[in-house]
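Remarks on the structure that follows.
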Amino acid sequence: MSKFAWVTLTTNDTYSLGALVLAHSLKRAKTAHQLAVLVSPNVSQAMRDRLKEVYNVVQEVNVLDSQDAANLALLSRPELGVTFTKLHCWRLVQFEKCVFLDADTLVLQNCDELFEREELSAAPDVSWPDCFNSGVFVFKPSVDTFAQITEFAVKNGSFDGGDQGLLNQFFADWSTADIKKHLPFVYNVTAYASYCYLPAFKQFRDKIKILHFAGKLKPWLIQFNSETKVASVSSEYAHAQDLIQLWWNIFCENVIQSLS
Ligand code: UDP
Ligand code: MN
């Protein structure tokens, strides 16, 4: 068995749909490594059973809330407090190295080479490239690091109220210390923000390795016609139509039958 694992997180049955599609995308990309999912107590038993069909490890964790309502309100994303729960990933010490993937990511090509990178490797955030985006990152599980980050969080909070602000404060030299820890953008391409640079999105479309549906419009919220099996994407997101459709194709081919 591989000592490396892909790790994601889900705190409810809706994000679990993302986790299921993500797991199948990893399998389609023929990863050699294990799959682990952190689930909070809210995830139903029925959903955990589905997750167990594709994940090697389904680990229950407590919800760590940032309790930083003011900051979260600033972000107008109150639901992001639960992303502090991500920190539990450092406790998966049965693995030597892991790659965390948000449940709203989709792996388009084999990325097993990511395990050659060191903690903390991540790709730049599109809105502030001197910060990394915490939807995809390479880390080394360690109870010491977990304790250090949680202690740091209690002391310093998070400048954005979520895990991304916290992790960027903790791994503060990411943007300057070691270029090898800068993952190429193709490992975390934000599906919706790329309209800001649409020609690049088109030019490098086939090089995308991991797509990230960051933002409010998650693929599972997009209107889907169950008869024609076509996802209706508004013109604003037309450039990502085929990728949103791919999420739904995997959902239809690999996930839906296990849910019914
Ligand atoms: N998450 C979750 N339940 C929630 C919100 C977030 O399980 O209610 C997890 C899930 O893995 C998700 C990640 O935390 O992908 C980060 O949140 P999200 O992807 O919504 O943030 P964004 O990438 O849009 O900033
Ligand atoms: Mn995300």
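Indexing begins at 1, ligand by ligand and atom by atom, following the structure's order. These numbers come from a predicted model, not from an experiment.
Look at Asp112 and Lys30 and you find no salt bridge, because none of the NZ, NE, NH1 or NH2 atoms lies under 4.0 Å from a carboxylate O.
For ligand 1, the atoms sitting less than 4.0 Å from at least one non-hydrogen atom of Thr10 are 7 (O), numbered in the order shown with element in parentheses. Every atom of ligand 1 is numbered from 1 in the order shown, and the set under 4.0 Å from a heavy atom of His212 is 23 (O). Close contacts of ligand 1 with Asp102, meaning ligand atoms under 4.0 Å from a residue heavy atom, involve 13 (C), 15 (O), 16 (C), 19 (O), 23 (O).
Only the side chain of Lys218 comes within 4.0 Å of ligand 1, counting heavy atoms alone; its backbone N, CA, C and O stay farther away. Neither the backbone nor the side chain of Lys216 comes within 4.0 Å of ligand 1, counting heavy atoms alone. Residue Asn12 touches ligand 1 through its side chain alone, judged by heavy-atom distances below 4.0 Å.
Among the atoms of Ala214, none of the N or O lies under 3.5 angstrom from an N or O of ligand 1. Of the N or O atoms in Lys86, none lie within a sub-3.5 Å distance of an N or O in ligand 1. Between Phe213 and ligand 1, no pair of N/O atoms sits closer than 3.5 Å. Considering backbone and side-chain atoms alike, Phe100 places every N or O at 3.5 Å or more from each N or O of ligand 1.
The distance between the ring centers of Phe146 and His88 falls below 6.0 angstrom. Ring centroids of Trp6 and Phe115 are separated by less than 6.0 Å, placing the two rings close together.
Side chains of Leu22 and Ser25 form a contact here, defined as non-hydrogen atoms less than 4.5 Å apart.
Residue contact check for ligand 1: Gln164 places no non-hydrogen atom closer than 4.0 Å to it. Not a single heavy atom of Gly135 sits less than 4.0 Å from an atom of ligand 1.
The Mn ion (ligand 2) forms the vertex of an angle spanning OD2 of Asp102 and OD1 of Asp104; to the nearest 10 degrees it equals 100°.
A parallel orientation is assigned to the rings of Trp90 and Phe171, their planes being inclined by less than 30° (bins at 30° and 60°). Using a 30° and 60° split on the angle between ring planes, Trp247 and Phe251 fall in the parallel class, below 30°.
When all heavy atoms are compared, the tightest approach of Glu119 to Lys140 is OE1-N, 2.8 Å.
Of the residues Leu20, Val58, Thr10, the one that meets the side chain to side chain contact (heavy atoms under 4.5 Å, CB included) test with Met47 is Leu20.
With hydrophobic clusters built from ILVMFWY side chains whose heavy atoms lie under 4.5 angstrom apart, Leu198 shares a cluster with Ile244.
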